[in-house]
Colleague: 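This is the structure I have questions about; it appears just below.
Computed from a predicted structure; not experimentally measured.
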Protein chains: 2
Amino acid sequence: MKLDSDHLEILAVIVEKGGLTEGAEALGKSQPSVSRTIAFLQDRVGMPLFEPGRRPLRPTELGQSLARIGAQIRSLNQEASQLLTRYRAGHAGRLRIGGTPIFMDGVISTMVADFQAHEPDVQIDQSYGYLDELLTQLRNGALDLAIAPLSPSMTPKDMEFTPVLAGRNVVACRASHPLIRRGAITMDDIRPYQWISPPENSPLYLDLQLALRSIGQENFRVNFSGGSLASILSVLVGSDSLTVLPYSVVFMSRKTMGIDALPVKIEHPARRLGIIRPKDRSGPPSAAQFASFLTSELARLQARMDHEQQVTRRRG
Amino acid sequence: MKLDSDHLEILAVIVEKGGLTEGAEALGKSQPSVSRTIAFLQDRVGMPLFEPGRRPLRPTELGQSLARIGAQIRSLNQEASQLLTRYRAGHAGRLRIGGTPIFMDGVISTMVADFQAHEPDVQIDQSYGYLDELLTQLRNGALDLAIAPLSPSMTPKDMEFTPVLAGRNVVACRASHPLIRRGAITMDDIRPYQWISPPENSPLYLDLQLALRSIGQENFRVNFSGGSLASILSVLVGSDSLTVLPYSVVFMSRKTMGIDALPVKIEHPARRLGIIRPKDRSGPPSAAQFASFLTSELARLQARMDHEQQVTRRRG
DNA sequence: AATGTAATATAGCTTCAAGTTATGAAACTC
DNA sequence: GAGTTTCATAACTTGAAGCTATATTACATT
């Protein structure tokens, strides 16, 4: 004996509103329509759902019980509609993001926290990877959105790249480092110090090599390598070691961690940090939501960094 | 954006079963049917519920979420079906019974307890009343079933009366009463004792008067009146007072309370205790269930009473 | 008791989702 | 790349759901 859920919902409304006429109005249907629906349901049930021969239609006990269930079904149905509405507007759903480790830890995680303050019902699954892996995952649907450094001209045809930050790298050290507050820094000044190195398979490692070559230091001593950002910063703060990091990462944690960038110009590849999304698949609406949030937040961050740099340049 | 609950249920089954074909089978529908239903739902939703271009059909996150709600709706729907089935078989629902106070308290309440051991989901609302009130309530639907003494020939045309017990009244006293275990009892033996009287508006009060007149005692002293059965029995057990009660009531509580019936024949009206139900309205199925339970239980009680009486008669 | 009013039921019709079978298309397997 | 499985589409029938118009019935009122 399968009952129609719609019928139970209609029954619930009628019982709640206390009559066919009012119930029909609340449902946005005509009175005869719901009358016949109830007659139909009553037929199927085989017993009266309303006391017979009563004009302000009063439910029987069975009618009441079924109406109670109908009301629950109704509320679940509404929950579904609401979920859908929120999902479509990007206010609900799961969002899978991925990016290069250092940048995710150093910059994006803060933005994620801000985003979730606005959108508590968007669940974010974060994962790490380098460009090729990220692209693969974007293509096979394992990822909705990636954040990575990429040279705009190298963007794959099936991807859309939105640059959000300059990709400038800097030499970072602790704020109390002897080289800080020196006017100009020469290669000889830097040579004595040891280096913290990112994992050897990471793009940042190549950046480090490139950077050091650009200031004429081919050989360098590494005293720590392979750690993620938290470890790198810990070692950086606890020693006079140097390392190469995106300026945005240094900028974000310079106050809280007590680190700074040396006023040395190093070379870096023509890459920009940005958001990568598949062109064909639109992904969940929350992806667009998050992307636009990131874009505007990172634009503000870029502005703050630009401002700081001007001030520093004037002072120095 | 109102979604069809049926669609959500179908979605839930498909997601659970892991495919259209299996889902359709589980639903007892053809595969094209559910396919089109899903297509329809997907249209309404406006976003994919399943990953496009995947053959063992895999739901998207939105599809999963909606399916979860659909599963809940489905289980509620099944709950409704089950409720209906149980209700129709008389295994669920509320049952409103009414009857004369002494008999309800003394006999029926025990039966109710037994009944509820078998049918825990039948909620019984008990109320008290005398014949006229009971009939009124049966007629206006405030009561599903009444239990009262009634002379079968006086049964109203719109009611069905099922006699279940002889209406014999007896003179009751405590088991330790001086008159118990005397061979024959005369009017003079009884005369000195005081009487416990039921409420003056009760039929049992008339029975008491009739009974005493029948043994030649016109004037009688009343030392307690108006109480319900529990009080009457308390006073009875705590004193040498006498009273008139249906034999069935005495029989039920003779062991536990320590009361007994005097071996005196008293007159009583030609009434039988029975179940009264309206002829037209069938009432809830649990009424029939309860009525048949009562009938058989009280038949057994009658047999036990008959047996006891034979034994007593042989002995006496 | 008659009558007026409000509420529900019925009639007759149209529309469209849901069901069917038959068949086409696509993705996975090996 | 051939075969198998799985899903989608086509073409059609059926019946529930919706509507308007109207009849019926219970309650209220005098």
Colleague: So which protein nitrogen or oxygen atoms get under 3.5 Å of nucleotides 26-28 of chain D's nitrogens or oxygens?
Modeller:
none

Colleague: Can you sort out the partners of B/Arg271 under salt bridge (Lys or Arg N to Asp or Glu O under 4.0 Å), two or more places apart, ordered by chain and number?
Modeller: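 So B/Arg271 forms a salt bridge (Lys or Arg N to Asp or Glu O under 4.0 Å) with B/Asp207.
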
Colleague: Give me, pair by pair, the N or O atoms of the protein and of nucleotides 12-15 of chain D that are less than 3.5 Å apart, along with how far apart they are.
Modeller:
none

Colleague: Has B/Glu160 got a side-chain atom pairing as donor or acceptor with B/Arg277's backbone, closer than 3.5 angstrom?
Modeller: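 Side chain of B/Glu160 to backbone of B/Arg277: no pair is present.
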
Colleague: Under 6.0 Å from the CD atom of A/Glu25, do we count more than 12 heavy atoms belonging to anything else shown?
Modeller: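 At most 12 heavy atoms, drawn from other residues, nucleotides or ligands, come within 6.0 Å of this atom.
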
Colleague: Say you draw a straight line from CG of A/Leu62 to CD of A/Gln42; how long is it, rounded to the nearest 0.5 Å?
Modeller: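 Between atom CG of A/Leu62 and atom CD of A/Gln42 there are 9.5 Å.
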
Colleague: I need the residues from residues 76-84 of chain B with at least one non-hydrogen atom less than 4.0 Å from DNA chain C; give them sorted by number, or say none.
Modeller: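 When residues 76-84 of chain B is checked for heavy atoms under 4.0 Å from DNA chain C, there are no hits whatsoever.
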
Colleague: Can you tell me how far C1' of D/dC7 sits from CD of B/Glu22, to the nearest Å?
Modeller: 14 Å

Colleague: Are B/Thr21 and D/dT5 close enough that a side-chain N or O sits under 4.0 Å from OP1 or OP2?
Modeller: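 Answer no for this pair, as no side-chain N or O of B/Thr21 is under 4.0 Å from OP1 or OP2.
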
Colleague: Give me the first and last nucleotide of DNA chain C, going 5' to 3', that has any atom under 4.0 Å from a heavy atom of chain B.
Modeller: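 Counting from the 5' end, contacts occupy C/dA17 to C/dC28.
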
Colleague: Just do the side-chain contact (heavy atoms from CB on, under 4.5 Å) check on B/Met104 and B/Ile147 with the steps written out, would you?
Modeller: CA-CA 8 Å; B/Met104 291 303 274; B/Ile147 300 143; 4.1 Å; yes

Colleague: Give DNA chain C the dot-bracket treatment, 5' to 3': Watson-Crick (N1-N3 with N6-O4 or O6-N4) or G-U (N1-O2, O6-N3) under 3.5 Å, [ ] crossing, | other strand.
Modeller: ||||||||||||||||||||||||||||||

Colleague: Tell me which pairs pass side-chain hydrogen bond (donor to acceptor under 3.5 Å, both in side chains) where either residue lies in residues 134-148 of chain A, with sequence neighbours left out.
Modeller: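 Every side-chain hydrogen bond (donor to acceptor under 3.5 Å, both in side chains) pair that includes a residue of residues 134-148 of chain A, provided the two are not neighbours, is A/Arg96-A/Asp144, A/Arg139-A/Asp158.
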
Colleague: List the residues meeting ring-ring contact (aromatic ring centres under 6.0 Å, His included) with A/Phe40, not counting sequence neighbours, and say none if there are none.
Modeller: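 Partners of A/Phe40 by the ring-ring contact (aromatic ring centres under 6.0 Å, His included) criterion, ordered by chain and then number, come out as A/His7.
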
Colleague: Starting from the C-alpha separation in whole Å, work towards a yes-or-no answer on side-chain contact (heavy atoms from CB on, under 4.5 Å) for B/Leu8 and A/Leu76.
Modeller: CA-CA 10 Å; B/Leu8 294 176; A/Leu76 277 174; over 6 Å; no

Colleague: Consider only side-chain N and O atoms of B/Glu9 and A/Ser5, and report whether a donor and an acceptor are under 3.5 Å apart.
Modeller: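 Yes, A/Ser5 and B/Glu9 have a side-chain donor paired with an acceptor closer than 3.5 Å.
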
Colleague: Could you check whether B/Asn77 and B/Glu79, counting side-chain N and O atoms only, form a donor-acceptor pair closer than 3.5 Å?
Modeller: no

Colleague: With a 4.0 Å heavy-atom cut-off, tell me which residues in residues 24-35 of chain B come close to DNA chain C, sorted by residue number.
Modeller: B/Lys29, B/Ser30, B/Pro32, B/Ser33

Colleague: Nearest 0.5 angstrom please: A/Leu145 CG to A/Ile124 CD1, how far?
Modeller: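 So the gap between those two atoms works out to 9.5 Å.
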
Colleague: Which residues within residues 2-19 of chain B lie with some heavy atom under 4.0 Å of an atom in DNA chain D?
Modeller: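 B/Gly19 - these, ordered by number, are the residues of the stretch whose heavy atoms sit under 4.0 Å from the strand.
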
Colleague: Can you check side-chain contact (heavy atoms from CB on, under 4.5 Å) on A/Thr100 and A/Leu131, steps first, answer last?
Modeller: CA-CA 8 Å; A/Thr100 48; A/Leu131 190 60; over 6 Å; no

Colleague: Excluding sequence neighbours, so at least two apart, what forms side-chain contact (heavy atoms from CB on, under 4.5 Å) with B/Gln78?
Modeller: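 Scan of B/Gln78 (side-chain contact (heavy atoms from CB on, under 4.5 Å), adjacent residues dropped) gives B/Arg74.
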
Colleague: Can B/Leu135 and B/Met159 be said to form a side-chain contact (heavy atoms from CB on, under 4.5 Å), step by step?
Modeller: CA-CA 8 Å; B/Leu135 290 175; B/Met159 294 290 161; 3.9 Å; yes

Colleague: Near DNA chain C, counting only heavy atoms under 4.0 Å, which residues of residues 62-70 of chain A show up?
Modeller: none

